[in-house]
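Computation of the quantities below employed the complete heavy-atom set of this structure, encompassing side-chain atoms and omitting hydrogens, waters and symmetry-equivalent molecules. As the structure lists them, so they are numbered: ligands from 1, and atoms in each ligand from 1.
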Amino acid sequence: MPSITVEPCTFALFGALGDLALRKLFPALYQLDRAGLLHDDTRILALAREPGDALTHLARIDSQLRQYVGSKEIEEDVLTRFLARLNYLHVDFLNTDDYVSLAEQAGTAQRLIAYFATPAAVYGAICENLAKVGLAENTRVVLEKPIGSDLESSRKVNDAVAQYFPENRIYRIDHYLGKDTVQNLIALRFANSLFETQWNQRYISHVEITVAEKVGIEGRWGYFDKAGQLRDMIQNHLLQLLCLIAMDPPADLSADSIRDEKVKVLKALAPITPEGLTTQVVRGQYIAGYSEGQSVPGYLEEENSNTQSDTETFVALRADIRNWRWAGVPFYLRTGKRMPQKLSQIVIHFKEPSHYIFAPEQRLQIGNKLIIRLQPDEGISLRVMTKDQGLDKGMQLRSGPLQLNFSDTYRSERVPDAYERLLLEVMRGNQNLFVRKDEIEAAWKWCDQLIAGWKKSGDAPKPYAAGSWGPMSSIALITRDGRSWYGDI
Ligand SMILES: NC(=O)C1=CN([C@@H]2O[C@H](COP(=O)(O)OP(=O)(O)OC[C@H]3O[C@@H](n4cnc5c(N)ncnc54)[C@H](OP(=O)(O)O)[C@@H]3O)[C@@H](O)[C@H]2O)C=CC1
Ligand SMILES: O=C1O[C@H](COP(=O)(O)O)[C@@H](O)[C@H](O)[C@H]1O
């Protein structure tokens, strides 16, 4: 039986016929229902501006749900119960009159959760209209990323929402924070004194964060070309991972204690100088190549693409954190589309022992590594040095893993999708997996200087073949510091 009690709510999904809603949000709500985590009285209002009768739209949601959840996890009785919670309302989000019927349907008996699966440009108007029809009181609003495309535009969006909703009822999504393995970073760091005592510049030489995607642009060229990989992935997911690795221990698990610590890290990131732009940062764009043995098009040949674009699909960079814990410890970040495999991984490289007593030729492999695999094959592995076995081996060293593979250890547990966790936490009113306004702004501030630098220097992205690990210069970026990307791979 579920151990979490969740209050009933009316869940209003703005943009209910869009890609995110159909692919991720309805499936996540269904899974919550399946797990017994939706209150019996919880209702879902699917809001979109497509005309036509409600039954046709509900039938589409039903069929997409079956497709994205998959037949193995569709239980007909649960699906029937889930669809009974659902109603479709035709609403143009910019038209106040359309909100009257929403207000009638929503009522005031239970809390409204308004999820904005729409472009950020309409968040402010939705908030204003909700307030005009008396639906802002007590409502929680959920904002999808990206919030703006730079500091200034993100402030505008945040300020527009803040006119009607206080920060403690605003839930900004970064879906990486909903991944079980990402939350595990907090458990790993703060429930094990073993690591925390070593977690600083005295013992750690450098940190790598790789988020590689095998997919290309997948029909999202229109959105992606205006964004690029820095805005799409680094500004949010990778910087959030960096924060969870680098932050000081929070006083407790409350949302603000964790967010206070994360924002300190973001503010401590060293700006990247014009010289650093060439030595510390690499941007790339994929050209045609191979993925799983099949030829795949380059970025400029994707569906709906232009023939020319300077948008990056790959970024590798070295970030430095200006504080006592991390002085002199580079954080190497790397993310790209159309890489050889889907892989999100953090590698903590520990320093060599302070006095070395083994054969000089074995020195290269010295240095423990903690490898945190976020996806796929979630798990943690600690590379430790041991002596090779056998009478003839002498004191020959070998690096081997102490391994915790989550799917073996917790075999019976289904790994929930990030959105399931996040939607549940919104219903519970727990903000600690959501991003506070000052975090978003500090992350934009740091990314803006990079974007401005690229613009000023006219730096074009370096080509890399689809199916490779990025431009050669991303290897030079780390080898210049006498290191290499772990296991590359
Ligand atoms: N798709 C994804 O994987 C991800 C999406 N996101 C974010 O989620 C949000 C939604 O993305 P996505 O689903 O891909 O986008 P889509 O364009 O597929 O969906 C957005 C929906 O909002 C509707 N909409 C926009 N303006 C109005 C309006 N004035 N009145 C009524 N409906 C309106 C659109 O309707 P219409 O079609 O009629 O214009 C569309 O159905 C965005 O903020 C995006 O950045 C974040 C991470 C991943
Ligand atoms: O937010 C986004 O994330 C996805 C990658 O998410 P993952 O959970 O599959 O690792 C990325 O493809 C997309 O471009 C970006 O907007």
Just to confirm my output: which protein heavy-atom neighbour is closest to atom 4 (C) of ligand 2, and how far is it? Glu213 OE1, 4.0 Å
Which bit of Glu50 gets closer than 4.0 Å to ligand 1, counting heavy atoms only: side chain, backbone, both or neither? neither
Pull out every atom of ligand 1 sitting under 4.0 Å from any heavy atom of Asp92, numbered as shown with elements. 28 (C), 29 (N), 30 (N)
Tell me whether Ser344 has any N or O atom under 3.5 angstrom from an N or O of ligand 2. no
By number and element, which atoms of ligand 2 are closer than 4.0 Å to a non-hydrogen atom of Lys179? 7 (P), 8 (O), 10 (O)
Near Gln403 CD, under 6.0 Å, is it more than 12 heavy atoms from other residues, nucleotides or ligands? yes
Can you report which non-hydrogen protein atom sits closest to atom 39 (O) of ligand 1, along with the distance? Arg49 NH2, 2.8 Å
Short N-O contact, Glu167 and Arg172, less than 4.0 angstrom: yes
Which ligand 1 atoms are under 4.0 Å away from a heavy-atom of Gly18? 13 (O), 18 (O), 19 (O), 41 (O)
Is Arg169 reaching over with its side chain to a backbone N or O of Ala136, donor-acceptor style, under 3.5 angstrom? yes
Atom 42 (C) of ligand 1: closest protein heavy atom, distance to 0.1 Å, is Thr118 O, 3.3 Å
At what distance is the nearest protein heavy atom to atom 15 (O) of ligand 1, and which residue and atom is it? Asp19 N, 4.6 Å
the protein heavy atom lying closest to atom 3 (O) of ligand 2 turns out to be His175 CE1, 3.3 Å
Using 4.0 Å as the upper bound for N to carboxylate O, is an ion pair formed by Arg155 and Glu441? yes
Is any heavy atom of the protein nearer than 4.0 Å to atom 30 (N) of ligand 1? yes
Verify the contact flag for atom 37 (O) of ligand 1, where contact means a protein heavy atom under 4.0 Å away. no
With a cut-off of 3.5 Å and sequence neighbours excluded, list every side-chain donor-acceptor pair involving residues 215-224.
residue, atom, partner, partner atom, Å
Trp221, NE1, Tyr299, O, 3.0
Tyr223, OH, Asp232, OD1, 2.6

Tell me, please: is Glu218 in heavy-atom contact with ligand 2, that is, under 4.0 Å? no
Quick check against the 3.5 Å criterion: does Arg338 have a side-chain atom that pairs as donor or acceptor with the backbone of Lys214? yes
Which residue owns the protein heavy atom closest to atom 16 (O) of ligand 2, what's the atom, and how far is it? Asp232 OD1, 2.7 Å
Regarding ligand 2, does Tyr223 bring an N or O atom to under 3.5 Å of one of the ligand's N or O atoms? no
Decide if atom NZ of Lys267 counts as having more than 12 heavy atoms of other residues, nucleotides or ligands within a radius under 6.0 Å. no
Heavy atoms only, cut-off 4.0 Å: how does Tyr176 contact ligand 2, side chain, backbone, both, or neither? side chain
So which heavy atom in the protein is nearest atom 11 (O) of ligand 1, and how far is it from that ligand atom? Leu20 CB, 4.2 Å
Looking at Asp225, is its backbone amide N or carbonyl O close enough to the side chain of Thr311 to form a donor-acceptor pair, meaning the two atoms are under 3.5 Å apart? yes
Using distance alone, determine whether Ala48 and ligand 1 share an N or O pair under 3.5 Å. no
From atom 24 (N) of ligand 1, work out which of Phe93, Tyr419, Tyr115, Tyr123 has a heavy atom at the shortest distance. Phe93
Distance flag, aromatic centroids of His175 and His237, threshold under 6.0 Å: yes
Within a distance under 4.0 Å of any heavy atom of Lys342, pick out the atoms of ligand 2 and give their elements. 7 (P), 9 (O), 10 (O)
Per-atom contacts, ligand 1 versus Gly15 - under 4.0 Å to a heavy atom: 21 (C), 22 (O)
Element-labelled atoms of ligand 2 that are located less than 4.0 Å from some non-hydrogen atom of Gln375: 7 (P), 10 (O)
Check each atom of ligand 1 against the heavy atoms of Ala117 and keep those under 4.0 Å away; list them by number with element. 9 (C), 10 (C), 20 (C), 21 (C), 22 (O)
Under a 3.5 Å distance rule, please check whether Arg283 uses its side chain to pair with a backbone N or O of Lys462 as donor and acceptor. no
Do the non-hydrogen side-chain atoms of Gln64 and Tyr68 ever get within less than 4.5 Å of each other? yes
From the list Lys179, Lys24, Arg414, Arg34, salt bridge (charged side-chain N to carboxylate O under 4.0 Å, His left out) partner of Glu420 resolves to Arg414
Numbered in order shown, the ligand 2 atoms found under 4.0 Å of a heavy atom of Lys337 are 11 (C), 12 (O), 13 (C), 14 (O)
Which label fits Tyr115 and Phe11: parallel for a plane angle under 30°, tilted from 30 to 60°, or perpendicular past 60°? tilted
Does Ala125 offer a backbone N or O that forms a donor-acceptor pair with the side chain of Asn129 under 3.5 Å? yes
Evaluate Lys145 for polar contact with ligand 1, using N/O atom pairs at a separation under 3.5 Å. yes
The protein heavy atom nearest to atom 13 (C) of ligand 2 is Arg220 NH1, 3.3 Å
